[in-house]
Protein chains: 2
Amino acid sequence: MRTKQRGPIGRPRGFDTDEALERAMLVFWEHGYEGASLANLTDAMGISTTSMYAAFGNKEELFRKALERYTEGPSAYLVRALEEPTALGVATAILSGTVRTTTRPAHPHGCLGVQGALTASDSGRGARDLLVAWRNDGCSRVRERFQRAVDDGDLPPRTDPGLLARYVTTLAFGIAVQAASGVSRDELQETADAALRNWPLS
Amino acid sequence: MRTKQRGPIGRPRGFDTDEALERAMLVFWEHGYEGASLANLTDAMGISTTSMYAAFGNKEELFRKALERYTEGPSAYLVRALEEPTALGVATAILSGTVRTTTRPAHPHGCLGVQGALTASDSGRGARDLLVAWRNDGCSRVRERFQRAVDDGDLPPRTDPGLLARYVTTLAFGIAVQAASGVSRDELQETADAALRNWPLS
DNA sequence: CGACTTCTGCATCGACCGATACAGAAATCG
DNA sequence: CGATTTCTGTATCGGTCGATGCAGAAGTCG
């Protein structure tokens, strides 16, 4: 058993990978995949293009890792919301989490998963498809959670979990667009509250 | 009074401006403002860059005119919806119009006003701000229509027209994002139907 | 130490970006 | 007709795009 901590051979990295990725995520969040140039990104990350390519591969890989970080950071409210005891609690937590994350002061407004690459040129198709999968995966998780609520008797037996999940995620994506348009946090939270007032959709 | 039709002096245009603009709109719709290159656009329009600049000014002006055409074409369901006799009819028509327009076969999926430029680099800020204003203007028109419904007694006197308008447009924008993610027309229409089942929001 | 491995800074690559200069073609004018 | 005006095709502009080559710096090895 080696007790002595040995670093890897060779010159060590002169920057913190996590912090650089965080900065890159913020740039992608604000400007989108194609709107964020390598110069923008490396400037914010505080490193050169060479170091970026050595550490992250290329722009698309950097985006992929930035999206993972976004999922586990600003968008972590989703997994927490899915653990709420009731379906209504889940829906409420998803929408309020969306509102808070998409309107946080000193952060870009909107959602990286929505505005990161809703459309793209040919060269950005990879990023666009990645976000399509990200959004659809989120909807699927919510649907599975609601299915469980139906099975557990938390939701009426005739409830369509897919429809409910589509409703909640549609609201969440719409809230993200509104936030990107500058709509205030309070107004969006009121909208989210009103949207769940007749849960589970009569 | 001149009865004889006289064309303008100089060589006449060798292409149809309206048709070229229609083609440009479709390219912007599919790829977004920054994702659509001049080469993409002029190829689809069937003209050279010189002719495009002579006829439309520059890329941003072309986008502005393409958005106007989109508003009066694919997005014309909004003004028609606002003329429905009841507030519920307005909301229903807006959402079903959004579903149909954002999932039309042989057209780009999604909404140009949403995915045209949700984010942008510095050079695309003009287009992004234009779309922000376009979306907020749409929401304002719906709010004014709902305010009229309150004044006319069509909606209960305590109804908040702004909240209702925000709810409907949030759903519409969310539907546009879902459509861009490949969600089917039928599923989105079911979502829209369910969203209005407890109108006007209890 | 010197050998080896890895990271960094600088310069630069070919491709594409939006936008133009210029000359000639195609129309209307007197 | 010739003069004038406008549009079109080609060729190209400087700038930026994402991505690399290369030499040297900065570490760990024996």
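So you know, we letter chains A, B, ... as the sequences are listed, proteins then strands, and number each from 1.
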- Of Tyr70(A), Tyr33(A), Phe56(A), Trp134(A), which is the lone residue that meets ring pair (Phe, Tyr, Trp, His ring centres under 6.0 Å) with Phe63(A)?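 The ring pair (Phe, Tyr, Trp, His ring centres under 6.0 Å) with Phe63(A) is passed solely by Tyr33(A) among Tyr70(A), Tyr33(A), Phe56(A), Trp134(A).
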Options [options], nucleotide nearest the side-chain atoms of [X]:
X	options	value
Ile9(B)	dT8(C), dA19(D), dT28(C)	dT28(C)
Thr50(A)	dC17(D), dC10(C), dA27(C)	dC10(C)
Ser48(A)	dT6(D), dT8(C), dG18(D)	dT8(C)

- Full working for salt bridge (charged side-chain N to carboxylate O under 4.0 Å, His left out) between Asp151(B) and Arg148(B): CA-CA 5 Å; Asp151(B) 296 343; Arg148(B) 190 153 62 84; over 6 Å; no
To the nearest Å, give me how far apart [atom1] ([X]) and [atom2] ([N]) are.
X	N	atom1	atom2	answer
Tyr53(B)	dG9(D)	OH	P	17 Å
Leu38(A)	dC13(C)	CG	C1'	14 Å
Met45(B)	dT8(D)	CE	C1'	15 Å
Asn40(B)	dC17(C)	CG	P	7 Å
Lys59(A)	dC17(D)	NZ	C1'	8 Å
Leu41(A)	dG18(D)	CG	P	8 Å
Arg13(A)	dC7(C)	CZ	P	5 Å
Phe15(B)	dA26(C)	CZ	P	16 Å

- Message: Below the 4.0 Å mark, does dA25(C) have OP1 or OP2 next to a side-chain nitrogen or oxygen of Arg11(B)?
- Response: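 It does not, given that no N or O in the side chain of Arg11(B) lies less than 4.0 Å from OP1 or OP2 of dA25(C).
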- Task: Output yes when at least one side-chain N/O atom of Ser51(B) is less than 4.0 Å from OP1 or OP2 of dC7(D), else no.
- Result: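 So the side-chain polar atoms of Ser51(B) never come under 4.0 Å of the phosphate oxygens OP1 or OP2 of dC7(D).
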- Message: Closest-nucleotide mapping onto DNA chain C: is Gly57(B) or Gly10(B) further toward the 5' terminus? I mean the 5' end.
- Response: Gly57(B)
- Query: Relative to the 5' end of DNA chain C, which residue comes earlier, Ile47(A) or Met52(B), by the nucleotide with the nearest heavy atom?
  - Reply: Ile47(A)
- Query: Any chance the side chains of Tyr77(A) and Thr98(A) put a donor and an acceptor closer than 3.5 Å?
  - Reply: yes
- Between Thr170(B) and Gln178(A), does a side-chain hydrogen bond (donor to acceptor under 3.5 Å, both in side chains) hold up when you go through it step by step? CA-CA 7 Å; Thr170(B) 297; Gln178(A) 300 277 23; 3.0 Å; yes
- Please test Gln189(A) against Ser96(A) for side-chain hydrogen bond (donor to acceptor under 3.5 Å, both in side chains), starting from the C-alpha separation and ending with a verdict. CA-CA 6 Å; Gln189(A) 185 59 56; Ser96(A) 70; 5.0 Å; no
- Task: Tell me what Thr49(A) touches on the nucleic acid: a base, only sugar-phosphate, or nothing, going by heavy atoms under 4.0 Å.
- Result: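 Base, at least one base heavy atom under 4.0 Å.
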